[in-house]
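Working notes, structure below.
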Amino acid sequence: STNQKYQLDFFEKAVSLFEGKKMLDYACGNGYYMAYAKKKGLHPVGIEYSKDFTRLLRKKTKLEIYSFNEFEEKYSNEKFDIIHFGHVLEHHPDPFRCLNKMKKYGHKNTLYIIDGPLENNICLSRLILNIGSKLKRRKYNEYQPQHLREVSSSQILPESVCQVC
């Protein structure tokens, strides 16, 4: 998908600085970002919400992917050189709290990579706002970022799922 291309393009520019280093991928999904990091010489570790899901992912991808509890047991005192949050914070009930809690896995030189939805993606409501602004001869329009604010309850991670945060 396009967002994966943007993520990997950015990562490609920064990865040479971290070859041989440890990377934590928070809410790693299917592990595509971790697989790419591994090909580039990093040691990736991933966190996902469900123990059953992580078991399936480990079997399928052969990557180190753990549930939150498994991760804390195995890596409670580890520090990572890169911590990646890929399209997850916009679904978290308290992204700031999550970032603060994950800081304990970083050190003073850790690179934090935070990917999120692009506000320039095609969106019918913004298209209507833009057309309306042009018809009213406004040079710009103001609207709130939509992805963080307008999600359904099924898209927000419940506190019980995110035990690390």
Side-chain angles (χ1 to χ4, degrees), residues 1-15 18 21-40 42-76 78-107 109-123 126 143-165:
S1 81
T2 303
N3 69 332
Q4 288 178 345
K5 180 186 178 327
Y6 288 124
Q7 286 177 294
L8 297 181
D9 285 351
F10 173 81
F11 189 64
E12 182 69 34
K13 294 173 187 171
V15 75
F18 294 94
K21 305 289 183 168
K22 294 186 296 185
M23 182 190 86
L24 175 60
D25 195 358
Y26 179 87
C28 63
N30 66 8
Y32 84 91
Y33 201 85
M34 292 174 60
Y36 187 78
K38 191 171 185 173
K39 284 181 191 174
K40 294 295 181 176
L42 278 82
H43 176 89
V45 175
I47 303 174
E48 254 307 324
Y49 66 93
S50 162
K51 194 172 189 175
D52 292 335
F53 185 50
T54 58
R55 193 176 305 121
L56 175 69
L57 287 171
R58 279 194 304 268
K59 183 178 179 181
K60 184 177 178 183
T61 66
K62 308 290 188 248
L63 294 168
E64 284 189 61
I65 300 173
Y66 304 100
S67 69
F68 297 112
N69 288 336
E70 292 170 324
F71 174 78
E72 284 214 310
E73 287 174 19
K74 187 169 176 125
Y75 290 98
S76 63
E78 292 285 326
K79 301 291 183 193
F80 291 84
D81 304 297
I82 298 173
I83 299 178
H84 175 246
F85 298 88
H87 292 267
V88 66
L89 292 177
E90 67 271 17
H91 300 282
H92 200 284
D94 191 346
F96 184 71
R97 186 171 138 235
C98 181
L99 287 169
N100 272 330
K101 288 210 173 189
M102 293 306 292
K103 281 178 17 181
K104 74 179 183 178
Y105 296 105
H107 51 73
N109 294 317
T110 294
L111 172 66
Y112 292 87
I113 301 174
I114 302 171
D115 297 315
L118 300 174
E119 285 297 319
N120 288 330
N121 287 346
I122 295 172
C123 174
R126 280 196 305 275
Y143 53 85
Q144 296 294 320
Q146 295 170 343
H147 203 82
L148 283 171
R149 297 170 45 88
E150 298 179 17
V151 295
S152 70
S153 60
S154 67
Q155 294 173 302
I156 296 176
L157 295 175
E159 288 294 322
S160 61
V161 167
C162 186
Q163 294 175 8
V164 172
C165 295

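On a predicted model such as this, the values are computed, not experimentally measured, just so you know.
- Residues in residues 43-55 take part in these salt bridge (charged side-chain N to carboxylate O under 4.0 Å, His left out) pairs, two or more places apart or across chains: D52-R55.
- Within 6.0 Å of the NZ atom in K79, the count of heavy atoms belonging to other residues, nucleotides or ligands exceeds 12.
- Within the 4.5 Å cutoff, the side chain of M102 has heavy atoms near those of the F85 side chain.
- Remark: K40 pairs with E12 by the salt bridge (Lys or Arg N to Asp or Glu O under 4.0 Å) rule, at least two apart or across chains.
- Side-chain atoms of Y26 and C98, non-hydrogen and from C-beta on, do get closer than 4.5 Å to each other.
- The aromatic rings of Y66 and Y75 are tilted relative to each other, their planes meeting at an angle between 30° and 60°.
- Residues F71 and Y105 place their aromatic rings such that the two centres sit under 6.0 Å apart.
- Across G29 and L57, no two heavy atoms sit closer than the pair O-CD1, 3.1 Å.
- A side chain to side chain donor-acceptor pair (under 3.5 Å) with D81 holds for exactly one of H107, K21, H43; it is H107.
- Nearest approach of C28 to G46, heavy atoms of both residues: SG-CA, 3.9 Å.
- For K62, the side chain to side chain contact (heavy atoms under 4.5 Å, CB included) criterion is met by no residue, not counting sequence neighbours.
- Remark: E64 pairs with no residue by the salt bridge (Lys or Arg N to Asp or Glu O under 4.0 Å) rule, at least two apart or across chains.
- Contacts of L111 classified as side chain to side chain contact (heavy atoms under 4.5 Å, CB included), with partners at least two apart in sequence or in another chain: A14, F18, I82, I113.
- Note that CE of M34 is 4.5 Å distant from CG of L63, once rounded to the nearest 0.5 Å.
- Under the salt bridge (Lys or Arg N to Asp or Glu O under 4.0 Å) criterion, K22 pairs with E78, not counting sequence neighbours.
- Taking the side chain as every heavy atom from C-beta outward, V45 and K74 never approach each other to under 4.5 Å.
- The two residues S50 and S67 make their nearest non-hydrogen contact at C-CB, 4.2 Å.
- Distance CD1/I83 to CD1/I114: 10.0 Å, rounded to 0.5 Å.
- Evaluated for a side-chain contact (heavy atoms from CB on, under 4.5 Å) with I65, the options N30, D25, I47, T54 yield exactly one hit, T54.
- With values rounded to the nearest 0.5 angstrom, R58 atom CZ is found 10.0 Å from L56 atom CG.
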